[in-house]
Amino acid sequence: MKRFNIDNKVEIIVTQNSRMAKAANDYTNLRRLPCFAHSLNQIVQEAIANSIQSTLAKVKHTVQHFKTNSKASQLLMQLQNQAAVKLKLDFPARWNSTYDMVDRFLKNKTSLQSYFDLFKPEITIQNYEWPVLEQALEVLNVFNKATDFICVEKSVTISHVGVLRKMLLEHLTRFADRDEIVSGVRTMICTLQEGLINQLDPFKECTFVTQSMLLDPRIKKKGFRNEPEEYQQAYETIISELMAIQGASQANKKPSFSDVPKGGNNIYREFLDWDDDDEEDELNNPRQLAVHEFDMYLKERIINTDEDPLLWWQAHNLKYPTVYNLAIRVLNVPCSSIPCEQLFTKAGQEHLQKRERLLPKQCEKVMFIQYNI
């Protein structure tokens with residue numbers, strides 16, 4: 001960090017939950033947050049393993065049967081209708097591949113049931129197991145959307161973490177209140193709730209997350225629904241940060257009209273002197289200035305979720321200069337380390353496997369073009 005002169009510019013680091021990453025963080029002595037995408041992947045995998053793993057094992061065995069047996073695959077194709085899709089195996093490291101496997105399996109439910117009835121394979125899905133798969137897929141649907149959102153976007157700000165965490169917990173609460181939920185799926189819901197509360201606790205306790213929610217023009221107060229105390233705490237934290245920024249910039253402040261000494265040849269002084277003391281008190285109150293600027297920002301229209309908050313702040317930096325200085329610090333913190341990992345993987349493939357003689361400068365240009373196309 002000192003080599004690249006960024007030791008005073010790093011606010012917080014986002015890493016995996018591996019031991020190496022934690023050890024590196026202890027060495028740098030910086031504030032750290034776990035990668036939200038990896039944490040979510042671990043939570044869902046543990047919930048599945050402790051609840052419906054036996055049913056999923058049958059699904060995987062059935063898919064492997066059709067993948068390795070060409071005759072069985074042809075027989076299944078004869079039973080499928082036009083709306084059927086190809087079966088797909090999951091990838092153990094990514095839970096959403098398990099979601100895709102179950103989704104495609106259920107889309108072939110009719111043809112698979114016919115195959116089971118006709119050919120009586122050794123391992124089949126029993127009638128009571130189909131509702132388990134259907135309800136599990138419905139519960140995990142919003143988790144799949146959240147995972148896709150984090151992994152597909154090039155830059156996902158940390159403000160999304162607080163909103164996604166609350167959204168997922170509310171989603172699980174609605175399912176837990178339904179009477180028709182079967183035992184295995186109910187166990188999965190309880191395990192998911194415990195995982196979200198326990199493993200995502202660092203995000204809840206981190207002031208960066210709550211600040212970023214208020215400073216994100218796509219979220220603001222909407223991220224604190226039914227949580228007035230958390231909103232007020234985040235509000236006061238931001239006001240304190242803004243006052244600190246104002247104090248740091250006071251030394252470089254240029255003299256204004258109000259700084260002109262009384263008396264002399266100032267022909268306006270006599271006319272303006274009647275409320276000069278009150279005006280100076282108001283202008284010299286750092287908290288009042290911070291509250292005024294921040295409240296004006298909060299009254300701005302909330303932008304669409306697909307817009308870039310950093311571009312919005314770039315367009316409004318002159319209107320809210322102090323809040324802008326804080327916003328760019330907070331909103332530049334990503335919620336996931338996946339984009340960085342993908343970039344390193346791609347660079348390794350380009351430089352080592354395909355173009356071993358590629359110079360560093362040329363490699364940087366190639367990676368820039370590929371990443372921004």
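Heavy atoms only: backbone and side chains are in, while hydrogens, waters and symmetry mates are out. Each residue takes its place number in the sequence, starting with 1.
- When all heavy atoms of Val185 and Ala136 are compared, the pair lying nearest together is CG2-N, 3.9 Å.
- Not counting sequence neighbours, the partners of His171 by the ring-ring contact (aromatic ring centres under 6.0 Å, His included) test are Phe175.
- Remark: Lys107 engages Asp103 in a salt bridge, criterion side-chain N to carboxylate O under 4.0 Å.
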- In sequence, state the C-alpha distance, the side-chain angles, and the governing distance for Met167 and Lys145, and then conclude on side chain to side chain contact (heavy atoms under 4.5 Å, CB included). CA-CA 12 Å; Met167 180 189 70; Lys145 291 180 179 179; over 6 Å; no
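- Rounding to the nearest 0.5 angstrom, the gap separating the CG atom in Leu215 from the CZ atom in Arg329 is 10.0 Å.
- Between Thr210 atom OG1 and Tyr231 atom OH the span is 12.0 Å, to the nearest 0.5 Å.
- From Arg287, atom CZ reaches atom OG of Ser240 across 7.0 Å, with rounding to the nearest 0.5 Å.
- In this structure, the separation between CD1 on Ile303 and CD1 on Ile219 is 9.5 Å, given to the nearest 0.5 Å.
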Working for side chain to side chain contact (heavy atoms under 4.5 Å, CB included), residues Thr157 and Ser212:
CA-CA 8 Å; Thr157 60; Ser212 64; over 6 Å; no
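- For Lys221 and Tyr235, the positive end is not near the middle of the six-membered ring at less than 6.0 Å and at most 45° from its axis.
- Shown here for Arg104 and Leu87, the closest heavy-atom pair between the two residues is O-CD2, 4.0 Å.
- Linking Ile, Leu, Val, Met, Phe, Trp and Tyr residues whenever their side-chain heavy atoms come within less than 4.5 Å leaves Leu311 and Ile302 in two separate clusters.
- For Arg225, the CZ atom sits in a loose shell: 12 or fewer heavy atoms of surrounding residues, nucleotides or ligands are nearer than 6.0 Å.
- Remark: Lys67 NZ is packed, more than 12 non-hydrogen atoms of other residues, nucleotides or ligands lying under 6.0 Å away.
- Environment of CD in Gln53: crowded, with over 12 heavy atoms of neighbouring residues, nucleotides or ligands closer than 6.0 Å.
- Counting only distance, with no hydrogens or angles, the side chain of Asp90 and the backbone of Pro92 share no donor-acceptor pair below 3.5 Å.
- Within a 6.0 Å sphere centred on CD of Glu227, heavy atoms belonging to other residues, nucleotides or ligands number more than 12.
- At distances below 3.5 Å, not a single donor-acceptor pair connects side-chain atoms of Arg218 with backbone N or O atoms of Asp306.
- Residue Lys86 places its NZ atom among 12 or fewer non-hydrogen atoms of other residues, nucleotides or ligands, all under 6.0 Å distant.
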* side chain to side chain contact (heavy atoms under 4.5 Å, CB included) assessment of Gln246 paired with Leu289 -> CA-CA 9 Å; Gln246 290 175 351; Leu289 285 172; 3.7 Å; yes
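- With rounding to the nearest 0.5 angstrom, the CZ atom of Phe208 is 11.5 Å from the OG1 atom of Thr237.
- Closest heavy-atom contact between Gln45 and Trp95: CG-CB, 3.8 Å.
- Between Trp313 and Val323, the closest side-chain pair of non-hydrogen atoms falls below 4.5 Å.
- Minimum interatomic distance between Met243 and Ala290 (heavy atoms only, all atoms of both residues): CG-CB, 4.1 Å.
- Met77 and Leu89 fall into different hydrophobic clusters, where Ile, Leu, Val, Met, Phe, Trp and Tyr residues are linked whenever their side-chain heavy atoms come under 4.5 Å apart, directly or through other members.
- Asp308 places a side-chain N or O within donor-acceptor distance of the main-chain N or O of Leu310, the cut-off being under 3.5 Å.
- Heavy atoms only, all atoms of each residue included: Gln211 and Val330 are closest at OE1-CG2, 4.0 Å.
- Using modelled atom types, one side-chain atom of Asn41 and one backbone atom of Ala93 make a donor-acceptor pair closer than 3.5 Å.
- The aromatic rings of Phe294 and Tyr297 sit tilted, their planes meeting at an angle between 30° and 60°.
- For the pair Ser111 and Lys109, the minimum side-chain heavy-atom distance is 4.5 Å or more.
- Panel note: side chain Ser97, backbone Phe91; a donor-acceptor pair is recorded below 3.5 Å.
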With a 3.5 Å cut-off and sequence neighbours excluded, list the donor-acceptor pairs that the side chains of residues 188-200 form with protein atoms.
residue: Thr191; atom: OG1; partner: Thr187; partner atom: O; Å: 2.8
residue: Asn198; atom: ND2; partner: Glu194; partner atom: O; Å: 3.1
residue: Gln199; atom: NE2; partner: Glu46; partner atom: OE1; Å: 3.2

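- For the residue pair Tyr99/Asn141, the side-chain donor-acceptor check at 3.5 Å is satisfied.
- No cation-pi contact links Lys319 to Tyr324, judged by a cut-off of 6.0 Å to the six-membered ring centre and 45° from its axis.
- Here CE of Met101 is found 7.0 Å from NZ of Lys60. Values are rounded to the nearest 0.5 Å.
- Separation of the Phe149 and His160 ring centroids falls under the 6.0 Å cut-off.
- Counting only N and O atoms by type, the side chains of Glu236 and Gln232 include a donor and acceptor under 3.5 Å apart.
- Clustering ILVMFWY residues whenever any of their side-chain heavy atoms sit less than 4.5 angstrom apart, transitively, puts Ile43 in the very cluster that holds Leu169.
- Of all heavy-atom pairs spanning Asp216 and Ser159, the tightest one is OD2-OG, 2.5 Å.
- Sparse packing is recorded around CD of Glu229, with 12 or fewer heavy atoms of other residues, nucleotides or ligands lying under 6.0 Å away.
- Between the Gln135 side chain and the Glu180 main chain, a donor and an acceptor come within less than 3.5 Å of each other.
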N/O donor-acceptor pairs under 3.5 Å from side chains in residues 112-123, not counting sequence neighbours:
residue: Ser114; atom: OG; partner: Thr110; partner atom: O; Å: 3.0
residue: Tyr115; atom: OH; partner: His65; partner atom: NE2; Å: 3.3
residue: Lys120; atom: NZ; partner: Asp117; partner atom: O; Å: 3.4

With side chain to side chain contact (heavy atoms under 4.5 Å, CB included) as the test, would you mind laying out the steps for Val161 and Cys206 before giving the verdict? CA-CA 11 Å; Val161 173; Cys206 181; over 6 Å; no
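- A side chain to side chain contact (heavy atoms under 4.5 Å, CB included) with Asn108 is found for exactly one of Val85, Leu76, Leu79, namely Val85.
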